[in-house]
Structures are given as C-alpha cells and as structure tokens.
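Working notes for the structure below.
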Amino acid sequence: MPIESIYIIAFAVAAGALIQGTTGMGFALVVAPVMGLLEPKLLPICLLVLMLPLNAIIAWRERDAIDLRGTSWITLGRIFGTFGGVWVLFWLPLSQLNILIGVSTIAACLATWLAPTFVPGRSAFVSTGLITGITETATGIGGPPLALVYQHSPVATLRGSVALCFLIGEIVSLVVLAAGGHLHAEQLSPLLGLCAPLAVGLLASHWARNILDEQRLRRFVLLFAFVSGALLLVQ
C-alpha cells in the first residue's frame, strides 16, 4: 500500500473515531468511502475489525443509557440481514461494490437529513436491523439506519445503543464472512498501523463530546460522507 494512502486512511480512522465517539455515528461513513477510493480490497473486513474495539469502548462508556429492548429487536433483524450482505458480496465484483458503497452512503446521508420525527416500535427496530445487516456486511456501512431509528433519543442513548448493536452485528458479520471464505490476510495486515489513530480519535471523543456542538458536527460528517460517496461514484 502506498505510504500516502496509509496516512490518508489513518487520518480518516482518527476522524471517524472522534466523530462516532462524540455523536454515536460517522466512523464507517467517513472511513468506508476513503478506503473504497484508495484501497478497496480492505473492505469490508478491515473496517469491521477496526469497529470492534471502538464500539466495545463506546458501549461500555454509555452502558447506563443503552436501550436494551430496542437493541434486542435490532439484533434479531441484523442476524437475518447478514446473510443478505454475504449474498451481495458473492454476486457483486469489486467495481460494482464501490458503486453500492457510494449509493448507500449518499442515500443514508439523505435519509438521515430528511427523516421526520417518529417514535420507533418493534417493526421499526427489526427492519432497521435487517437493513443494517445487509449494508454493513456488504460494505461496512450500517450506522445511518441505526442513527435514524434513535435520532430523537437522548444522545447518550443513541451512542450506547448504536455501539452495542454494531458490536454484536460486527461479530456476526465477521463470523459469517469468514465461514464464506471472504476473510483474507491482506485485509488484516494494515490493522496494527491503524490502531494508534483509532485510539487517538476515541480518546479525543471523551473530551470533545462535552464541548462540541453535536448538531454541527453531525451535519459536517453527513456532508463529508455525501461528498466521499459522490467521489466514489465518479471514480
């Protein structure tokens, strides 16, 4: 991998960890399009593995605010959606997977911007888990549906609940992907070098979540993700 690509991906990882640790979403929206542009072979395995410690720490930090009922229903849908994501990976070549990542990123940004106020029920949680299972297993991006369903909850509930859903879902996705032969050594080799920027971003989020305007930061990550998704489609 070119050294320039390593530095750019490392910066994206640090920024994504800071944003997700602060707002509850944004890591995959920032990192997946950058990886897709520079090193698409890293997706989705490298992204999913990086998110394991990130979401474990966020879920533990916000453990008192987690919505256990909602996360249980989301996890149920997520398990079934995982197999749909594996089917997408099996049938789509890498070039078309980049198109899927770009389209899903832009669609997720628009949905997050435009969704009206609502109180989620069981069907909303299950369908959210199903969609998340498909998109995260295939592309590494699963946060926007979760952010949508929790967007009107307290920020601590959004951060903790989304992180717990991610953590469980990522483990399921990695197990299923490994069983399907989609886990390769070259996707894991950059992980050691990306752990440091991940830790820096996560540590900074402990401080940033208390002083930053979360609405402005949320708008920034959505705009960044929208532009990244558009660049991926142009490429």
Side-chain angles (χ1 to χ4, degrees), residues 1-23 25-55 57-58 85 88-89 92-109 135-144 166 170 173-174 177 182-208 212 216-235:
M1 185 191 308
I3 190 68
E4 296 85 359
S5 296
I6 295 175
Y7 286 139
I8 295 172
I9 292 173
F11 178 79
V13 167
L18 168 62
I19 292 166
Q20 180 143 337
T22 304
T23 67
M25 60 169 288
F27 185 81
L29 280 174
V30 171
V31 178
V34 174
M35 281 187 176
L37 285 168
L38 300 177
E39 292 293 330
K41 65 178 181 293
L42 298 181
L43 293 171
I45 300 297
C46 184
L47 183 60
L48 290 171
V49 175
L50 281 172
M51 292 179 73
L52 290 176
L54 173 67
N55 288 304
I57 292 171
I58 295 173
V88 170
L89 282 175
L92 281 186
L94 189 59
S95 59
Q96 292 186 24
L97 182 61
N98 273 351
I99 294 174
L100 176 63
I101 294 170
V103 170
S104 61
T105 300
I106 292 172
C109 292
T135 60
E136 189 177 14
T137 303
T139 69
I141 298 174
F166 270 144
E170 285 147 13
S173 290
L174 286 168
L177 287 170
H182 295 283
L183 185 62
H184 306 293
E186 63 269 18
Q187 296 171 306
L188 301 175
S189 56
L191 285 173
L192 189 60
L194 295 175
C195 286
L198 182 76
V200 169
L202 187 56
L203 286 172
S205 76
H206 285 273
W207 166 75
L212 290 182
R216 288 183 179 178
L217 188 60
R218 180 170 175 265
R219 286 195 290 268
F220 169 77
V221 68
L222 289 174
L223 179 60
F224 179 91
F226 185 92
V227 173
S228 297
L231 287 174
L232 206 56
L233 291 179
V234 170
Q235 184 197 47

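Computed from a predicted structure; not experimentally measured. Throughout, residue positions are numbered sequentially from 1 according to the sequence presented.
S205 and A17 get closest at one heavy-atom pair: CB-O, 4.2 Å. Between P33 and A28, the shortest heavy-atom distance links the atoms CD-O, 3.5 Å. The heavy-atom pair separating A32 from L47 by the smallest distance is CB-CD2, 3.7 Å. The minimum heavy-atom distance between L198 and P53, with the atom names listed, is CD2-CG, 3.9 Å. For the pair P197 and A10, the tightest heavy-atom approach, listed with the atom from each and the gap, is CB-O, 3.3 Å. Closest non-hydrogen pair, V30 versus A12, comes out as CG1-O, 3.7 Å.
Within the 4.5 Å cutoff, side-chain heavy atoms of Q20 are placed close to those of N55. The shortest side-chain heavy-atom distance between V13 and V200 does not fall under the 4.5 Å cut-off. Side-chain contact between L194 and C46: present, with at least one pair of heavy atoms (C-beta onward) separated by less than 4.5 Å. Between P190 and E39, every side-chain heavy-atom pair lies at or beyond the 4.5 Å cut-off. The closest side-chain heavy-atom distance from F11 to V34 is not below 4.5 Å. At least one side-chain heavy atom of F27 sits under 4.5 Å from a side-chain heavy atom of L50. Taking 4.5 Å as the limit, every side-chain heavy atom of L203 sits out of range of all side-chain heavy atoms of L18. The side-chain heavy atoms of L42 and I9, taken from C-beta on, include a pair separated by under 4.5 Å.
The main-chain N or O of E170 is never found under 3.5 Å from a side-chain atom of S173 such that the two would form a donor-acceptor pair.
The line from CG of L177 to CG of L48 is 6.5 Å long, rounded to the nearest 0.5 Å. In this structure, the separation between CZ on F166 and CG on L54 is 9.0 Å, given to the nearest 0.5 Å.
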